[in-house]
Each structure stands twice: as C-alpha cells, then as structure tokens.
A.B. asks: 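Structure below; questions to follow.
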Amino acid sequence: MQLHFYPPLSSAPSTSPPSEPDLTSFHSFSFDPSAPDYTSLLSDELLLNILSKLPISQHVSNSLVCKRWLHLHGRLVYSLKVADWSFVTSGRVFTRFPNLTDLDLVRSCIQMPKSSGIIVTHKTMSVHVDTHFILDGFLEETALLPSNAVDQGLRMIAGKYPNLQRLAATGASEEGLLRIAEECPTLQELELHCCGDLALRGIAGIKNLQVVKLMGFIGVFYNSTISDIGLTLLAQGCRRLVKLELCGCEGSYDGIKAIGQCCQMLEELTLSEHRMDGGWLAGLSFCGNLKTLRLRSCKSIDKSPGADEHLGSCLTLEELHLQGCQIRDKQSVKALFLVCENVRDIVLHDCWGLEDDVFSLASICRFIFLFPCLHFIGE
C-alpha cells in the first residue's frame, strides 16, 4: 500500500537541520511498562488533533505505538493505493482508513505473483508477471480480476465512502460504476483501465465528474476497445468534464465531435497512443472552450485529415503539446496546425521527423510569430 497524508494547514516546517540520532541518550532512558499511559486521559478528538500536527514523516512510526494510535492514524489518511484486493473484500480497508477520499485500485485488480522476478513497466505502471500470465503480448484474462468481482468491491466502496472524490480501477463494468454514481455524489475524478464501451454508461449518473482518464489498448497490458460508442456515451453523461485523457482509444470524427458538443466546459484534452480513424482532427473544431491539447506517443497524428477547407479551427486553443510523436507526415502536421491556428504556445518533446519543411508549417499558427513560444525538448 502507498499512503498519502494531507499536512495540517497550521503546521510550520521545522527550521532545525536533520541530524543523526544521539544514541547515548538512550542510556539514561528507563522504560517502565507498568507506568500509566497519560494519553488515555485525552479524548480521541484531542489526541487526533495533536497527532495531525506532527510531521508527516512520523505518522507511520506513531501508528505503531498502540492499537489506539493505529486507529487514529488511519483517520488521518485520505489517499491510498491498494495492492492487494483482499484488503478491500475483507473490509479491512474500511476499518483501517475510514476517511478516504482518493482510492486507487488499479494494481490490486491485477492478480500477479509478487514473488516473480519479472517486472513489466509501461509509462508510469509496473506489474510483476510470469510466462503463464502473458498471451499474445497482453495480460491474460485470468491475470485480471473478473468484472463481477471488481463490481462487488465497488459496491462495498460506494457504501463506505460516500465522500469519495477520486477513484481509479481496472476492469469495472456498468453495474459497479452505476453504484458508485448513486452513492458517491462528490466524485470528481475517475480513472478506468481496461474497460469497454458499455461500461461507460455507468458513469452517466456522476453529475460532478470533472476529470476522466480512460485506458483502452495499452501494449503488454490491456487489449480492450473504447470506440465512438463509448466516447458518445461519455460525452452525453458527463457534461461537466474539464479535463479528459484518452489512452489507446479508438474513435473518429464522430466521437470527438460528440465530446465537443456535449462537454462545453472541456478545457484540456490529452490523447496518448491513440488509434483514431482518419479525419478525427476536424472534430476538434466543436470543442468551443478547449485551451490545451496534448498528443503523446502517437505513431500518426491523423492518417487522413481530409481537405483543408473542411477541417475548421479550434478558436480558443492556447497550448499545443506534442511528446514522443511521429511528425514526418507533412499533411497531418499541416492539418494539426490549421486546426490549432490560434495557439500561442507550441511544445515539441522528443518528437521524430521534425525537418525544416515540417517546421516551416508552424507559420500557419499566426500568433507563434507575434509571441515566439515554440519550444523544443530533447532531440
């Protein structure tokens, strides 16, 4: 498990420099187990207030003092990453950490032997694997928790954490997400791995959802599909979206258009390793409030962007970020700059194929030459 604590607002950082402990002081210290515990005279509320003002680095060690302190420590934890699914199904997580608002279940939904010496890493995610859990380059279905098991855990979580604000899970279906929507009205951020189109119907009832990250086709991990159907369901159900990230998702002009028309508050859109059909760029012209567009690890910007006069333009766009993308295709790069002609800041990070004639296409973005903000990072 990985714990995250929120420091108290009134606490001030220590001004004394770190030092090695003085082991000689222990010679004069006598521990009497029969001595009275004066902290027992304090109420839970008062002791909890005292513990909350201690440095975060001391929270874990303080929790080992006694069972009471362990229980109070759990009330100070608001963010948790679960690595063992049984910690949820046994109910221990609810007893140990009753005030969670941020819960990450992604790794616990993958049933892998922790003793394996093989670790597969993709971007920010690492998983222990062995040869029995890999099929055609992806995790076998037996390596992932079945959807009904994940849904059962989500039902338990919905009943225990009504104030949940962020949730990340793998393999959830419509049923489990519907329960989250019903019981967790404050949920604002959702991250879903290895889910299909129909599962997205379940999040339509999450009225305050503002940040969504969808992980579809991810090499060596997931071989799931999110298409225009899922994007349309997402757009129609989550109209207050401010930030959307699509990783390994399929789709086309229709899906991006639906997002632009329904999610009128959307300010930031990220596409990572996208598998979009040709012509999707034109759908960005319907994103009337979009300010930042990020493309990451894309082998192609747009395979067939179509005629320039049909592309339209995203008038409110201010920033364009390209990281690890293939930009040798002049036609698709030109189409991208036409759609983003009003940007004031372009960032290119470790992109391939940036030659003089491709670079010259940036002249389409008229404000780049008025306000020179074209950045290059990497080679």
A.B. asks: Give a yes or no on whether the backbone of G279 and the side-chain of D302 come within a donor-acceptor separation of less than 3.5 Å.
C.D. replies: yes
A.B. asks: How long is the gap from OG on S332 to CD on Q326, to the nearest 0.5 Å?
C.D. replies: 9.0 Å
A.B. asks: For residues I346 and F337, determine if any side-chain heavy atom of one lies less than 4.5 Å from a side-chain heavy atom of the other.
C.D. replies: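 I346 vs F337: side chains touch.
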A.B. asks: For the SG atom of C184 and the CG atom of N208, what is their distance to the nearest 0.5 Å?
C.D. replies: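 Separation between the atoms: 11.5 Å.
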A.B. asks: Would you check if the side chain of T101 reaches a backbone N or O of L164 as a donor-acceptor pair within less than 3.5 Å?
C.D. replies: no
A.B. asks: Measuring from atom CD of Q165 to atom CG of L100, what distance do you get when rounded to the nearest 0.5 angstrom?
C.D. replies: 11.5 Å
A.B. asks: Give me the atom names and distance for the closest heavy-atom approach of Q331 to G306.
C.D. replies: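 Scanning both residues, the minimum pair turns out to be NE2-O, 4.3 Å.
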A.B. asks: So Q152 and T89, do their side chains get closer than 4.5 Å, heavy atoms only?
C.D. replies: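 A side-chain contact under 4.5 Å is absent here.
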A.B. asks: Are L295 and Y253 in one and the same hydrophobic cluster, where Ile, Leu, Val, Met, Phe, Trp and Tyr link if side-chain heavy atoms are under 4.5 Å apart?
C.D. replies: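 Each belongs to a different hydrophobic cluster.
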A.B. asks: Inspect the contact between E245 and R296 and indicate whether a charged nitrogen and a carboxylate oxygen are less than 4.0 angstrom apart.
C.D. replies: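 A salt bridge links R296 with E245.
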A.B. asks: For R201 and L178, which heavy atoms make the closest approach, and how far apart are they?
C.D. replies: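 In terms of heavy atoms, the two residues are closest at O-CD2, 4.3 Å.
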A.B. asks: Hey, are the side chains of P185 and K207 touching, using non-hydrogen atoms and a 4.5 Å cut-off?
C.D. replies: no
A.B. asks: List the steps and the verdict of side chain to side chain contact (heavy atoms under 4.5 Å, CB included) for V93 and M156.
C.D. replies: CA-CA 11 Å; V93 65; M156 297 173 65; over 6 Å; no
A.B. asks: If we only count heavy atoms from C-beta on, is the C262 to R239 side-chain gap below 4.5 Å?
C.D. replies: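 A side-chain contact under 4.5 Å exists here.
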A.B. asks: Under a 3.5 Å distance rule, please check whether D197 uses its side chain to pair with a backbone N or O of I229 as donor and acceptor.
C.D. replies: no
A.B. asks: Run the numbers on V106 and M215 for side chain to side chain contact (heavy atoms under 4.5 Å, CB included), then give the verdict.
C.D. replies: CA-CA 11 Å; V106 171; M215 307 283 284; over 6 Å; no
A.B. asks: Under the criterion side-chain contact (heavy atoms from CB on, under 4.5 Å), which of S297, C325, C298 is the partner of E273?
C.D. replies: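 Answer after filtering S297, C325, C298: S297.
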A.B. asks: Restricting to non-hydrogen atoms, name the atom on C195 and the atom on I226 that form the minimum distance, rounded to 0.1 Å.
C.D. replies: O-CG1, 3.4 Å
A.B. asks: Do the side chains of V88 and L103 join up, straight or via other hydrophobic residues, at under 4.5 Å, putting them in one cluster?
C.D. replies: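 Yes, V88 connects to L103 through the hydrophobic network.
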A.B. asks: Does a side-chain heavy-atom distance below 4.5 Å link L177 with I203?
C.D. replies: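 Heavy-atom side-chain distance check passes, below 4.5 Å.
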A.B. asks: Checking V343 against L293 for the side chain to side chain contact (heavy atoms under 4.5 Å, CB included) test, could you report, in this order, the C-alpha distance in whole Å, the side-chain angles of both residues, the deciding distance, and whether it holds?
C.D. replies: CA-CA 10 Å; V343 297; L293 176 63; over 6 Å; no
A.B. asks: Taking 4.0 angstrom as the limit, do E191 and R166 come out as a salt bridge?
C.D. replies: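 Looking at E191 and R166, the cut-off is met.
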A.B. asks: Looking at CG of L234 and CG of L190, how far apart are the two atoms once the value is rounded to the nearest 0.5 Å?
C.D. replies: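 One finds 9.5 Å between CG of L234 and CG of L190.
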A.B. asks: Quick check: does any side chain N or O of T316 sit under 3.5 Å from a backbone N or O of L290, one acting as donor and the other as acceptor?
C.D. replies: yes
A.B. asks: Below 4.0 angstrom, N of the basic side chain to O of the carboxylate: do K334 and D308 qualify?
C.D. replies: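 Salt bridge flag = yes for D308 with K334.
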A.B. asks: Quick one: do L281 and F286 end up in the same hydrophobic cluster if we chain Ile, Leu, Val, Met, Phe, Trp and Tyr together by side-chain heavy atoms under 4.5 Å apart?
C.D. replies: no
A.B. asks: Do E319 and H321 pair up side chain to side chain, a donor and an acceptor below 3.5 Å, judged on atom types alone?
C.D. replies: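 Checked: E319/H321 side chains pair up, N/O donor to acceptor below 3.5 Å.
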A.B. asks: So if you build clusters from Ile, Leu, Val, Met, Phe, Trp, Tyr with side-chain heavy-atom gaps below 4.5 Å, do V82 and L192 land together?
C.D. replies: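 Yes, V82 connects to L192 through the hydrophobic network.
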A.B. asks: With a 4.5 Å limit on heavy-atom distance, are the side chains of L284 and L317 in contact?
C.D. replies: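 When only atoms from C-beta onward are counted, L317 and L284 do not touch, as no gap falls below 4.5 Å.
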A.B. asks: Is there a side-chain contact between N99 and Y78 (heavy atoms, below 4.5 Å)?
C.D. replies: yes
A.B. asks: Can you tell me if D329 uses its side chain to pair, donor with acceptor, with the backbone of I301 under 3.5 Å?
C.D. replies: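 Judged by distance alone, no pair lies under 3.5 Å.
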A.B. asks: Charged N to carboxylate O under 4.0 angstrom, E318 versus K291?
C.D. replies: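 Salt bridge: no.
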A.B. asks: What I want to find out is whether R155 reaches E175 closely enough, with some N-O distance under 4.0 Å, to be called a salt bridge.
C.D. replies: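 A salt bridge links R155 with E175.
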A.B. asks: For V150 versus W85, what's the shortest heavy-atom pair and its separation?
C.D. replies: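 In this case the closest contact between V150 and W85 is CA-CZ2, 3.8 Å.
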A.B. asks: Once rounded to the nearest 0.5 Å, what's the spacing between atom OG of S252 and atom NZ of K257?
C.D. replies: 11.0 Å
A.B. asks: Looking only at heavy atoms, what is the nearest atom pair of G255 and D228, with distance?
C.D. replies: N-OD1, 3.1 Å
A.B. asks: I'd like to check L271 versus W280 (side-chain heavy atoms, cut-off strictly below 4.5 Å). Are they in contact?
C.D. replies: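 The answer is yes, as the side chains (C-beta and beyond) meet within the 4.5 Å cut-off.
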A.B. asks: Would I327 and L336 satisfy side chain to side chain contact (heavy atoms under 4.5 Å, CB included), going step by step from the backbone distance to the final call?
C.D. replies: CA-CA 10 Å; I327 56 176; L336 176 64; over 6 Å; no
A.B. asks: Using the rule that two of Ile, Leu, Val, Met, Phe, Trp, Tyr join whenever any of their side-chain heavy atoms come within less than 4.5 Å, decide whether L361 and L320 are in one cluster.
C.D. replies: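 Cluster IDs for L361 and L320 match.
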A.B. asks: What is the distance from atom CD of E268 to atom CG of N289, rounded to the nearest 0.5 Å?
C.D. replies: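 Spacing of CD (E268) from CG (N289) equals 12.5 Å.
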A.B. asks: Of all the heavy-atom pairs spanning A258 and T232, show the shortest one and how long it is.
C.D. replies: CB-OG1, 4.0 Å
